[in-house]
A.B. asks: 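Have a look at this one.
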Amino acid sequence: MPADVSNFRTSDEVAYDRTRLRQWREGRAGADGVSRRAMLGLLAAAGSAATVPLTAPARAVAAEPTIRKPLPPEWFVPRGTNAETRFEALRGTGRTTPNERFFVRNHTFTPVLDAGEWRLKVWGSGLRGRRGEDRPLEFGYDDLRRLPSTTRTAFVECAGNGRSFYASQQGETVTGTSWTLGAIGVARWRGVRLGDVLRRAGATRYALDVQPRGLDADFLTNGENLGRVRRPLPLAKALDDVLLAYEMNGEPLPADHGYPVRVVVPSWIGISSVKWVGDLEVSEEPLYSPWNTTLYRLFGPAHPPEGSAPLTRQTLKSAFEVASGATFPQGVRTRLHGRSWSGAGAVVKVEVSTDGGERWRRARLHDVPRADVWTRWSLDWRPGARGPATLLARATDARGRTQPAASVPNTQGYFFDAVVRHPVTVV
Ligand SMILES: Nc1nc2c(c(=O)[nH]1)N[C@H]1C(S)=C(S)[C@@H](COP(=O)(O)O)O[C@H]1N2
Ligand SMILES: [Mo]
């Protein structure tokens, strides 16, 4: 197996996944809204399927794609229900992304919620008293704001960020939104530790998974209703560094980013950071949703037939704060700026090539490298011959991992980590 996919298939994750699949087969795990076919697919390599429960029939719900904030074309590229940040729009901004320029990834549309009426319902078999969904423990917005708060700077990045390069650089056909590199933003999140809420809610020591669920509309895709956006987190991660955030860069969360409260899961793929969170299921049994079974695993020739373990930590990427196809005058010294980030730790080194990858130079780092945040960098360049040129940037993180020349493909185009070829013209 190539080194860069083995990172995401640590033996721990694989063993964990296998145990959970066995529990599902034995009727000891929840998988509402995951088709029986999908679960059987996952089980294929894990052993016999035996008898398995059927899922509820799909309900039809109207979906109307909407983002509430303005999306000026100099800052965003519209992508269906989503909006991608242009990296050139980050030039001159700080280490955090201004809320107005932060990318939006919506499965359906932004709901407009009232913090006064909002409740976080905590329920499930992993709570003392084994609370059913109809008998949850509730926290209001003011209850959360009265709990001790904590602040953390972290990126939220879609697992599919960079997906379009599987096609444009590697000739691979993959499904999903054709992001370039702008499905990422960094913000200072303030909120309550999820662990504090779970302890107050009476999570038992047998609790295994926590599944936050959004209050946005059911997600309909390919004629199926997958229900509301939800994805389980193992309790170990939930108790570690996960926040229930109500502030983003010092302001109340904007509607598009989860107002009044969202989950923020540092270093993990964006789907973990559920927006508009309405309830948390705390379970003694492993939980499944479409977002950790058919979606957000790696499928394809380089991966096991049942797919990889569910994706967790983000991979490694770099981007120039330069428009694609930008022009540079010949012979005039210019300063190229960019940012690099990794889910595995701080970015400690960035190399840049201005000649299509022949010669590499060390970029100057502008930030103290930190985990969960990008490192800004720059490099001076005096463009030579007129005509097309290709800029490349290659990051190395604190774990010693460097961006490869090509990414191992997967059918849904997640985790593009290869060096991106950035076209410009010298005039
Ligand atoms: N409730 C809910 N949470 C969600 C989503 C969603 O559609 N609904 N999208 C997820 C995905 S796929 C990503 S990448 C991030 C994007 O966060 P942002 O829109 O604040 O940038 O939110 C995640 N949380
Ligand atoms: Mo995402």
Side-chain angles (χ1 to χ4, degrees), residues 61 63-69 71 75-85 96-113 118 120 154-163 175-179 181-189 191 211-221 226-233 242-249 251-280 289-292 295-297 310-312 314-315 343 412-416:
V61 170
E64 175 191 308
T66 317
I67 293 174
R68 308 294 296 200
K69 69 182 176 187
L71 301 172
W75 291 352
F76 291 103
V77 179
R79 300 208 185 274
T81 55
N82 319 296
E84 173 168 359
T85 302
T96 52
T97 310
N99 293 355
E100 299 72 28
R101 303 186 196 200
F102 206 99
F103 86 105
V104 182
R105 162 59 174 129
N106 279 351
H107 281 72
T108 59
F109 57 92
T110 295
V112 179
L113 303 175
W118 176 86
L120 178 66
F155 65 73
V156 168
E157 184 191 16
C158 192
N161 195 21
R163 177 182 283 128
T175 58
T177 303
S178 285
W179 303 108
L181 288 169
I184 179 170
V186 172
R188 209 169 59 255
W189 308 99
Q211 178 159 262
R213 180 166 52 171
L215 290 165
D216 40 340
D218 287 8
F219 179 52
L220 303 176
T221 180
L226 304 187
R228 284 192 274 140
V229 171
R230 63 201 183 284
R231 188 180 204 249
L233 278 172
V242 178
L243 285 188
L244 289 169
Y246 44 70
E247 268 180 30
M248 179 176 182
N249 294 324
E251 294 166 19
L253 271 186
D256 296 308
H257 299 291
Y259 182 84
V261 178
R262 84 177 296 169
V263 179
V264 172
V265 182
S267 77
W268 284 28
I269 57 174
I271 185 62
S272 324
S273 294
V274 171
K275 303 192 278 189
W276 314 294
V277 60
D279 70 294
L280 301 171
S289 87
W291 289 269
N292 71 339
L295 303 168
Y296 301 103
R297 292 180 184 238
L311 302 183
T312 58
Q314 259 296 2
T315 181
Q412 294 171 105
Y414 299 126
F415 279 1
F416 189 88

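This one's a predicted model, so the numbers in the text were calculated from it and none came from an experiment. Ligands are counted one by one from 1 in listed order, and the atoms in each one are counted from 1 as well.
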A.B. asks: Say whether Asp216, considering both its backbone and side-chain N or O atoms, lies within less than 3.5 Å of an N or O atom on ligand 1.
C.D. replies: yes

A.B. asks: Between Ala183 and ligand 1, find which residue part has any heavy-atom pair under 4.0 Å and reply side chain, backbone, both or neither.
C.D. replies: neither

A.B. asks: Counting heavy atoms only, which part of Arg228 comes closer than 4.0 Å to ligand 1: side chain, backbone, both or neither?
C.D. replies: neither

A.B. asks: Taking distance alone, with no angle check, do Arg105 and ligand 1 share an N/O pair under 3.5 Å?
C.D. replies: yes

A.B. asks: Does some non-hydrogen atom of Gly185 fall short of 4.0 Å from ligand 1?
C.D. replies: no

A.B. asks: Once rounded to the nearest 0.5 Å, what's the spacing between atom CZ of Arg68 and atom OG1 of Thr110?
C.D. replies: 7.5 Å

A.B. asks: With a 4.0 Å cut-off on heavy atoms, does Tyr296 reach ligand 1?
C.D. replies: yes

A.B. asks: To which protein heavy atom is atom 23 (C) of ligand 1 closest, and what is the distance rounded to 0.1 Å?
C.D. replies: Gly270 O, 3.3 Å

A.B. asks: Is there at least one pair of N or O atoms, one from Trp276 and one from ligand 1, spaced under 3.5 Å apart?
C.D. replies: no

A.B. asks: Which residue and atom name correspond to the protein heavy atom nearest atom 3 (N) of ligand 1, and how close is it?
C.D. replies: Lys275 N, 2.9 Å

A.B. asks: List the steps, then state whether side-chain contact (heavy atoms from CB on, under 4.5 Å) holds for Tyr414 with Thr315.
C.D. replies: CA-CA 10 Å; Tyr414 299 126; Thr315 181; over 6 Å; no

A.B. asks: Go through the structure and list residues passing side chain to side chain donor-acceptor pair (under 3.5 Å) with Asn249, not counting sequence neighbours.
C.D. replies: Asn99

A.B. asks: To the nearest 0.5 Å, what is the distance between OH (Tyr296) and CD (Gln412)?
C.D. replies: 8.5 Å

A.B. asks: Applying a heavy-atom cut-off of 4.0 Å, say which part of Val229 lies close to ligand 1: side chain, backbone, both or neither.
C.D. replies: side chain

A.B. asks: For ligand 1, is any non-hydrogen atom under 4.0 Å from Phe219's backbone (N, CA, C, O), its side chain (CB onward), both, or neither?
C.D. replies: neither

A.B. asks: Is Gly214 in polar range of ligand 1, meaning some N or O pair under 3.5 Å apart?
C.D. replies: no

A.B. asks: Between atom CZ of Arg230 and atom CG of Asn292, what is the distance when rounded to the nearest 0.5 Å?
C.D. replies: 9.5 Å

A.B. asks: As an exercise, state the distance from CZ of Phe102 to CZ of Phe76, rounded to the nearest 0.5 Å.
C.D. replies: 10.0 Å

A.B. asks: Donor-acceptor pairs are to be reported for all side-chain atoms of residues 271-278 against protein atoms at under 3.5 Å, with residues two or more places apart or in another chain.
C.D. replies:
residue : atom : partner : partner atom : Å
Ser272  : OG   : Ile269  : O            : 2.8
Ser273  : OG   : Val265  : N            : 3.0
Lys275  : NZ   : Arg105  : O            : 3.0
Lys275  : NZ   : Asn106  : OD1          : 2.9
Lys275  : NZ   : Asp256  : O            : 3.0
Trp276  : NE1  : Ala255  : O            : 2.8

A.B. asks: Is the shortest N/O to N/O distance between Arg262 and ligand 1 below 3.5 Å?
C.D. replies: yes

